[in-house]
Trainee: 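Mind looking over this structure? Questions follow.
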Amino acid sequence: MAQRDYYEVLGVSKSTSEAELKKAFRRLAMKHHPDRNPDNEESDHLFKEAKEAYDVLSNANKRAAYDQFGHAGVNQSAGGGAGGQGFGDAFSDIFGDIFGGGGGGSRVRKGADLQYNLELNLEDAVSGTTVKIRIPTMKHCTSCSGSGAKEGSTPETCGTCAGHGQVRMQQGFFSVQQACPKCHGAGNIISNPCNTCQGEGRVKEHKSLSVEVPAGVDNGDRIRLTGEGEAGESGAPAGDLFVQMHVKPHPIFERDNADLFCEVPISIVTASLGGELEVPSLNGRLNLKIPSGTQTHKLFRMRGKGVKPVRGGAIGDLICRIIVETPVKLNSEQKDLLEKFSKSMDKGGINKHSPNEKTWLDGMKKFFEEMKP
């Protein structure tokens with residue numbers, strides 16, 4: 001695809017001043033910046049195109065070469081050069097406009113985000129609760145109001161970077177922008193540091209917070225508390241606190257998204273004859289009817305007795321998994337009764353009383369017959 005004219009890309013004329021050129025680029029960069037247009041290929045292309053055009057036209061030598069020879073005059077040196085304001089400085093200003101930093105000033109260092117792992121029992125995760133937590137963090141120093149300078153003094157503008165926090169290094173055709181080696185990107189120097197925070201502008205403290213846990217949270221869900229992370233350097237905004245949920249295993253229930261599962265042991269008599277029994281739910285006791293002839297691992301679904309998801313949607317179900325228990329520690333009388341019962345079952349035939357066993361035995365017989373040479 002043929003390159004568009006750089007003046008056309010920025011929407012300016014050849015006689016446009018440097019200030020108007022910068023203004024035009026700022027407008028396009030703020031409109032098409034990838035962070036404002038995620039997953040938008042067209043905006044990404046237009047942003048890169050504007051960036052390339054401004055990189056050339058903001059440089060006096062490149063602009064002169066471009067005016068005389070067009071794209072052929074700058075293709076070998078489009079990566080950077082001396083003279084003019086340069087792309088990096090303008091982009092720092094635009095970045096500040098988009099994300100709330102100060103244009104042309106020192107780099108704002110937002111405080112670090114923190115994560116707190118919160119353990120919950122299943123009942124609290126399903127119904128919601130309020131939990132008090134205590135976390136170690138960095139807070140703005142009250143003695144210096146976060147500036148890092150001793151009371152009665154102020155930070156001095158760094159003479160190396162003129163307060164920008166960054167300097168440009170020329171390497172052949174390329175211009176590299178990096179953090180100022182003297183102020184380490186802060187943009188200022190603290191000659192008389194605060195005695196409380198030793199010039200950092202922050203102090204270590206513990207703070208207590210009340211976290212409202214909404215109903216329906218699950219393992220891995222996170223709650224974001226804006227501005228409750230570490231304080232930024234030199235009075236910069238604080239980061240955020242992310243409270244991550246860890247739901248402890250429950251002695252009765254297992255959760256699968258909005259559904260709850262529980263195992264219900266029943267006797268061989270109840271499984272054979274049927275009956276009704278009480279089963280637990282997070283909202284109280286429920287009655288479950290067991291039909292005669294119920295087999296182990298049979299699932300019974302109780303609609304709407306599960307969890308209401310935190311992000312909305314239908315309430316899940318309570319699913320009861322039947323476990324038929326084999327009787328243990330039988331006395332002689334009970335053993336005799338079972339033997340009599342077994343003999344009476346034989347009279348009815350395996351097809352009538354144990355259909356699953358009959359199917360399995362037939363399958364096994366066929367398997368061994370197919371193995372014969």
Trainee: Answer yes or no: is there a donor N or O on one side and an acceptor on the other, between the side chain of Asn331 and the main chain of Gln334, under 3.5 Å?
Mentor: yes

Trainee: Without hydrogens or angle criteria, can the side chains of Asn59 and Tyr54 be said to hold a donor-acceptor pair below 3.5 Å?
Mentor: no

Trainee: Taking everything shown except Glu42 itself, do over 12 heavy atoms lie less than 6.0 Å from its CD?
Mentor: no

Trainee: Looking at Gln244, is its backbone amide N or carbonyl O close enough to the side chain of Asn117 to form a donor-acceptor pair, meaning the two atoms are under 3.5 Å apart?
Mentor: no

Trainee: Side chains of Glu123 and His250: do they bring a donor and an acceptor to under 3.5 Å?
Mentor: yes

Trainee: Looking at Ile323, is its backbone amide N or carbonyl O close enough to the side chain of Glu325 to form a donor-acceptor pair, meaning the two atoms are under 3.5 Å apart?
Mentor: no

Trainee: Give, for atom CG of Leu260 and atom SG of Cys320, the distance between the pair rounded to the nearest 0.5 Å.
Mentor: 10.0 Å

Trainee: Are the side chain of Thr296 and the backbone of Val324 linked by a donor-acceptor contact shorter than 3.5 Å?
Mentor: yes

Trainee: With rounding to the nearest 0.5 Å, note down the distance linking CG in Asp256 to CD1 in Ile319.
Mentor: 8.0 Å

Trainee: Checking Tyr6 side chain against Arg63 main chain: does a donor-acceptor pair fall under 3.5 Å?
Mentor: no

Trainee: Do Leu288 and Phe261 belong to the same hydrophobic cluster, where Ile, Leu, Val, Met, Phe, Trp and Tyr are linked whenever their side-chain heavy atoms lie under 4.5 Å apart, directly or via other members?
Mentor: no

Trainee: Hey, mind stepping through Tyr66 and Asn61 against side-chain hydrogen bond (donor to acceptor under 3.5 Å, both in side chains) and telling me if it holds?
Mentor: CA-CA 9 Å; Tyr66 179 76; Asn61 294 336; over 6 Å; no

Trainee: Please check if the side chain of Asp113 supplies one atom and the backbone of Asp240 the other of a donor-acceptor pair under 3.5 Å.
Mentor: yes

Trainee: Sub-3.5 Å donor-acceptor pair from the side chain of Thr16 to the main-chain atoms of Ser13, do we have one?
Mentor: yes

Trainee: Taking the six-membered ring of Phe242 as reference, does the cationic atom of Arg222 (NZ for Lys, CZ for Arg) lie under 6.0 Å from its centre and within 45° of its axis?
Mentor: yes

Trainee: Let me confirm one number: the CG-CD distance from Leu337 to Glu333, rounded to the nearest 0.5 Å.
Mentor: 5.5 Å

Trainee: Let me confirm one number: the CD1-CZ distance from Ile315 to Arg303, rounded to the nearest 0.5 Å.
Mentor: 13.0 Å

Trainee: Evaluate the side-chain proximity of Asn257 to Pro309: yes if any heavy-atom separation is below 4.5 Å, no if none is.
Mentor: no

Trainee: A quick test of your reading: do over 12 heavy atoms of other residues, nucleotides or ligands sit less than 6.0 Å from NE2 of His206?
Mentor: yes

Trainee: Indicate yes or no for a side-chain donor-acceptor contact from Lys150 to the backbone of Ser191 under 3.5 Å, with no hydrogens or angles considered.
Mentor: no

Trainee: Rounded to the nearest 0.5 Å, what separation is found between the CG atom of Asn219 and the CG atom of Leu122?
Mentor: 9.5 Å

